[in-house]
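Only one structure is covered here, and it is reproduced in the block below.
The structure displayed is predicted, hence computed values, not measured ones.
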Number of protein chains: 2
Amino acid sequence: MSLPHALLGLLAVQPRSGYELTKVFEQDLGRYAWQAGHTSIYPELNRMAEKGLVEVTSEGARGSRTYAVTDEGRAELRTWLLSPPSQGKVRNEQVLRMFMLSALEPADALVVLRRIEETTDRTAAELRRVREAEPDALTGPEGFGQLAAEYGLRQYEAVRDWAAWAIERLEREA
Amino acid sequence: MSLPHALLGLLAVQPRSGYELTKVFEQDLGRYAWQAGHTSIYPELNRMAEKGLVEVTSEGARGSRTYAVTDEGRAELRTWLLSPPSQGKVRNEQVLRMFMLSALEPADALVVLRRIEETTDRTAAELRRVREAEPDALTGPEGFGQLAAEYGLRQYEAVRDWAAWAIERLEREA
DNA sequence: GCGGGCATGTAACTAGTTACATGATTTT
DNA sequence: AAAATCATGTAACTAGTTACATGCCCGC
């Protein structure tokens with residue numbers, strides 16, 4: 001159950017409404033770390049408010065409610081981040097696909113690998129472009145920190161390089 | 001619902017029993033790609049057998065049943081791997097933790113980052129050692145292919161390098 | 001013959017998704 | 001005035017986990 005911690009982390013950076021949190025999951029977080037739709041987020045915020053981890057700090061137009069972390073919530077987040085990671089849950093469909101490649105004929109595997117190399121290269125290039133153009137776009141209240149942005153970028157590059165390595169290897173064998 | 005595809009992929013490499021599949025998830029797959037316990041795997045194998053994607057090829061001691069993919073199962077696996085990846089589900093607690101670091105005080109974040117750097121470095125070193133010592137240990141029927149092994153190794157190294165970068169960055173700021 | 005690992009399963013629960021639903025405000 | 005988007009929610013379903021349960025075989 002990592003969703004509440006994800007929400008605590010986002011709200012610790014800046015208070016937001018459930019709707020805004022949903023968009024963060026759609027755009028950034030959901031791509032790398034954790035997915036959640038608004039139908040999970042709204043009930044979870046209510047539960048967390050009951051427990052005193054977050055609180056509504058203001059209500060806006062269209063019934064929107066802005067949440068912020070309480071001291072108790074911040075303490076819980078800190079405990080979670082500083083406590084030993086144990087063996088966290090992992091579930092990543094893209095990675096699963098890569099692991100299954102060895103079950104394909106080399107010709108088929110090459111098709112998939114070339115696609116992976118191309119798309120990850122394109123994404124990495126775009127992330128790099130955004131970072132260069134507006135170094136603060138991913139920082140501060142809007143984004144989720146430069147640490148995370150850099151992590152995402154390196155992730156894509158690592159996958160791209162791996163795919164290139166795998167292609168070369170398969171082609172040599174063929 | 002990627003579990004059936006994971007099972008198809010593993011069985012496509014080599015027929016195995018549910019028990020053996022469970023161990024693969026515990027050791028290798030679960031660390032990087034997809035987690036599943038035996039209580040998910042057994043019922044899923046039965047469902048897949050009903051659908052004709054897999055079949056029991058032999059029964060051994062203690063009621064063990066060895067499954068193999070059918071032609072239909074192999075076709076389904078191929079379709080899945082070659083079809084556009086859309087936006088696969090991602091849920092990775094470790095990565096979530098990294099994304100949440102910017103919500104911590106720099107001093108706390110440094111503690112976590114140093115731990116990440118140390119543990120990923122140790123794991124990467126060990127993976128590299130295993131690969132050097134027995135290049136075939138991770139290949140063939142036992143493991144899940146050198147492609148996947150290399151992917152795992154690069155993954156750990158990428159995280160380690162990112163953590164080192166982040167530490168240096170935070171220390172410069174402080 | 002007994003202890004530990006092999007091997008499979010079921011039931012109750014938890015987390016998250018999909019589909020459905022509603023209404024308010026802003027934009028065109 | 002209509003369309004788009006903001007903003008929240010509920011209900012039914014699906015996937016996976018935790019806890020519980022059972023029996024068999026091999027090595028000692």
Report summary line: Under a 4.0 Å heavy-atom criterion, DNA chain D is touched by chain B from D:dA15 to D:dC26

Report summary line: Here the gap from B:Arg97 atom CZ to A:Leu82 atom CG, rounded to the nearest 0.5 Å, amounts to 9.5 Å

Requested in this report: Mind checking the OH-CZ spacing from B:Tyr42 to B:Arg65? Nearest 0.5 Å is all I need.
Outcome: 9.0 Å

Query raised in the report: Starting at the 5' end of DNA chain C, which residue's closest nucleotide do you reach first, A:His38 or B:Ser17?
Result: B:Ser17

Requested in this report: Starting from the 5' end of DNA chain C, give me the residue, B:Arg62 or A:Gly63, whose nearest nucleotide shows up first.
Outcome: B:Arg62

Requested in this report: Run through B:Arg114, B:Arg128, B:Arg160 and flag the one making a salt bridge (Lys or Arg N to Asp or Glu O under 4.0 Å) with B:Asp121.
Outcome: B:Arg160

**Report entry** Touch class at under 4.0 angstrom, heavy-atom based, for B:Thr39 against every strand present
**Finding:** base

Report task. Answer with base, sugar-phosphate or nothing: what part of the nucleic acid does B:Ser40 contact at a heavy-atom distance below 4.0 Å? Result -> base

Requested in this report: Run the salt-bridge test on A:Glu150 and A:Arg154 with the 4.0 Å N-O cut-off and return the result as yes or no.
Outcome: yes

Report task. Kindly check if the number of other-residue, nucleotide or ligand heavy atoms within 6.0 Å of CZ (A:Arg78) is above 12? Result -> no

Report task. Using atom CD of A:Glu59 as one end and atom C1' of C:dA24 as the other, report the distance to the nearest whole Å. Result -> 14 Å

Report task. Send over the distance from B:Tyr19 OH to C:dA7 P, rounded to a whole Å. Result -> 6 Å

Query - Residues A:Glu93 and B:His5: side-chain donor-acceptor under 3.5 angstrom - result: no

